[in-house]
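Worksheet: one structure, shown below.
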Amino acid sequence: MTDTENQPTNEELQAFVDSNFEAEGLEFQNWDPSDWISDPPFLSQINNSEFRNWGNRLHEGWKSLGRQIKDDVRDNPDLYSIVYVPNPFIVPGGRFRESYYWDSYWIVKGLLISQMNQTVRGMLDNFVQMVDMYGLIPNGGRIYYQQRSQPPMLIPMVDLYVRATGDVDFLRERINLIEKEFEFWLLNRTVSVQGHTLARYNVEFDGPRPESYSGKPLEEFYVNMKSGAESGWDFSTRWFIAEDGSNVLWNEEEGVWLDYDMLNSRSRNYFYASNISPLWAECWDPISLQNSSVINRVLDYLDRSQATKLVGGIPTSMENSGQQWDYPNGWAPLQHLMVYGLENSADPRAKALAFDIARKWLDNNFAAYEQSVPNSMFEKYDVTSIGLPGGGGEYDVQLGFGWTNGVVIDFLNNYGDRL
Ligand SMILES: OC[C@H]1O[C@H](O[C@H]2O[C@H](CO)[C@@H](O)[C@H](O)[C@H]2O)[C@H](O)[C@@H](O)[C@@H]1O
């Protein structure tokens, strides 16, 4: 910096990086998962032979997305940006070469169907260790992600694991740290609205996101950007209109849960695929919301929104902003939340819609897989067509792809006998 009077050119910066940093990926060693089996039982339940072969390829894909951190990172952590964790894990893929917190829920879902229980156990232990080290689970497994988390999925992940394996001792032995993560959210990410406690994403650190430096010197801007990233929806018009915020979220006029604008004390009437996530989380109050009518009202809302009419799945929003968490992109986790929110309601009309969304999503992902060379799974898809990856935002669409593969394996497992 002295040589360049604190004004290095891009070329000088690149030359410094090349001569002082190792190439990417050298923090890992080979890993051959010992719990990987050929021909896991879920494949035999898939009637369509093309889908069965595809499911098999995705099951094989866990090996190429698996990573084990080498011992030198443990011994010399200051030389690396990756957070040392002892157990192997599955990464999303592409530019995302570390573990990601909320992505792992859908990865775990797929791994359990692939019967890779030991891998899941290790991944959960890694997360529990991060809670112990940092008091929260960082957005991703890099030291520069320590200031913020992502949608809190540790408890749902442990729930998936314990239900699949019956390993209650695992939970018993780690319950204190699992509770510690829950307390982090209660203490640091809640606000009181109309006498209710609401959770929100809120990262009160200034400075730009370290992984995506842009140089705009505005503290509030940075806090908003990081809070958006903590939501996992970086970025979307959902965060650009006003601040985001049971009963406070339920909107009686629309018949659905909406984001809440705390500045203006009112609902924000925009379609987001997350609007029906209370159905998935089963956290709505059947008594005050009159159980029987809620599902019908939500189905009518979805019908009016037009979001269920697109050929390739559910869009993230209906705003075409050029951001990646907006129309016309569909993301695997949002399809999954929508499908199981509807499926678990046990209402016949809702279950039919759940199947329709799952089928459209599979058709879209499969066509894109078949049409790409080499055959690829994508981070997101365009849901206004069949067979095209999504786009927009601050980086090119990534291939791999952890949560996409997990959701496809889950849909094939659940609906494969009807496809
Ligand atoms: O699939 C991994 C994650 O990918 C996106 O976000 C990540 O990249 C952003 C840009 O570098 C970064 O700001 C963010 O914090 C990362 O998580 C996606 O938006 C995430 O939902 C996803 O977990």
Side-chain angles (χ1 to χ4, degrees), residues 24 61 65-67 81-83 89-110 123 127 130 134 136-154 156-157 201-203 205 207-216 221-240 244 272-274 277 315-317 321-327 329-337 365 376-381 389-408:
E24 73 252 13
L65 291 173
R67 300 286 181 274
S81 64
I82 195 116
V83 171
F89 50 85
I90 304 293
V91 299
R95 81 200 293 258
F96 302 114
R97 290 183 284 264
E98 47 285 313
S99 65
Y100 278 80
Y101 180 17
W102 79 315
D103 298 52
S104 298
Y105 174 83
W106 292 277
I107 291 170
V108 159
K109 187 91 201 161
M123 287 173 66
F127 285 130
M130 288 184 193
Y134 302 122
L136 76 147
I137 298 180
N139 179 134
R142 296 273 172 192
I143 50 169
Y144 49 73
Y145 278 138
Q146 275 173 55
Q147 292 173 340
R148 63 176 193 261
S149 192
Q150 267 194 330
M153 296 304 251
L154 177 62
M157 279 191 266
Y201 302 104
N202 187 36
V203 183
F205 284 98
R209 287 168 301 150
E211 80 287 3
S212 222
Y213 182 75
S214 71
K216 290 182 194 157
F221 171 81
Y222 289 139
V223 168
N224 290 337
M225 294 291 276
K226 286 180 182 167
S227 304
E230 186 170 73
S231 77
W233 287 39
D234 48 329
F235 288 98
S236 159
T237 47
R238 191 174 172 199
W239 312 128
F240 293 169
D244 152 89
Y272 298 113
S274 52
S277 45
T316 307
S317 76
S321 65
Q323 296 298 330
Q324 61 169 354
W325 286 88
D326 267 321
Y327 187 94
N329 287 342
W331 293 75
L334 300 182
Q335 314 301 310
H336 198 261
L337 290 177
N365 286 207
S376 303
M377 297 295 291
F378 296 91
E379 169 199 35
K380 57 199 174 235
Y381 294 83
E394 57 186 315
Y395 57 84
D396 290 338
V397 66
Q398 299 296 299
L399 315 183
F401 198 89
W403 59 17
T404 312
N405 300 7
V407 167
V408 167

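Atoms within a ligand are numbered from 1 in the order they appear, just like the ligands themselves. Heavy atoms only: backbone and side chains are in, while hydrogens, waters and symmetry mates are out.
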| query | Hey, does W233 come in under 3.5 Å of ligand 1, counting only N/O atoms on both sides? | reply | no
| query | With side chains defined as the heavy atoms from C-beta onward, is the minimum distance between Q324 and E379 less than 4.5 Å? | reply | yes
| request: State, yes or no, whether a side-chain contact exists between K109 and V407 at a heavy-atom distance under 4.5 Å. | output: no
| field | With sequence neighbours excluded, residues passing salt bridge (charged side-chain N to carboxylate O under 4.0 Å, His left out) with E230 | value | R189
| message | Pair S274, R238 - check side chain to side chain donor-acceptor pair (under 3.5 Å), show working. | response | CA-CA 10 Å; S274 52; R238 191 174 172 199; 3.3 Å; yes
| Side-chain H-bond candidate by donor/acceptor type, Y145 with Y100, under 3.5 Å | yes
| Close N or O approach (D103, ligand 1; < 3.5 Å) | yes
| request: Ignoring hydrogens, just give me the one of Y395, F401, Y144 whose non-hydrogen atom is nearest atom 5 (C) of ligand 1. | output: Y395
| What atoms of ligand 1 come within less than 4.0 Å of a heavy atom belonging to Q150? | 17 (O), 20 (C), 22 (C), 23 (O)
| field | K226, R95, R148: member with heavy atom nearest to atom 11 (O) of ligand 1 | value | R95
| Subset of ligand 1 atoms that lie under 4.0 Å from at least one heavy atom of Q324 | 19 (O)
| field | Any F235 heavy atom less than 4.0 Å to ligand 1 | value | no
| said: If the cut-off is 4.0 Å to any non-hydrogen atom of Y145, which atoms of ligand 1 fall inside it? | reply: 15 (O), 16 (C)
| message | Minimum heavy-atom separation for N329 and K380, please, with both atom names. | response | ND2-CD, 3.8 Å
| Exam field: side chain S227 to backbone V203, donor-acceptor pair closer than 3.5 Å | yes
| So is E230 in contact with ligand 1, going by heavy-atom distances below 4.0 Å? | no
| message | Residue-level breakdown please: for N139 versus ligand 1, do any non-hydrogen atoms fall below 4.0 Å on the side chain, on the backbone, on both, or on neither? | response | side chain
| query | Near G232, which atoms of ligand 1 are under 4.0 Å from a heavy atom of that residue? | reply | 18 (C), 19 (O), 20 (C), 21 (O)
| message | Would W102 count as a polar contact of ligand 1, with the cut-off being nitrogen or oxygen pairs under 3.5 Å? | response | yes
| field | Plane angle bin for F127 and Y101 - parallel if under 30°, tilted between 30 and 60°, otherwise perpendicular | value | tilted
| Heavy-atom contact under 4.0 Å between Y101 and ligand 1? | no
| field | Pairs flagged by salt bridge (Lys or Arg N to Asp or Glu O under 4.0 Å) wherever residues 98-107 is involved - sequence neighbours left out | value | E98-R142
| query | Which of the atoms of ligand 1 are close to E394, meaning less than 4.0 Å from one of its heavy atoms? | reply | 10 (C)
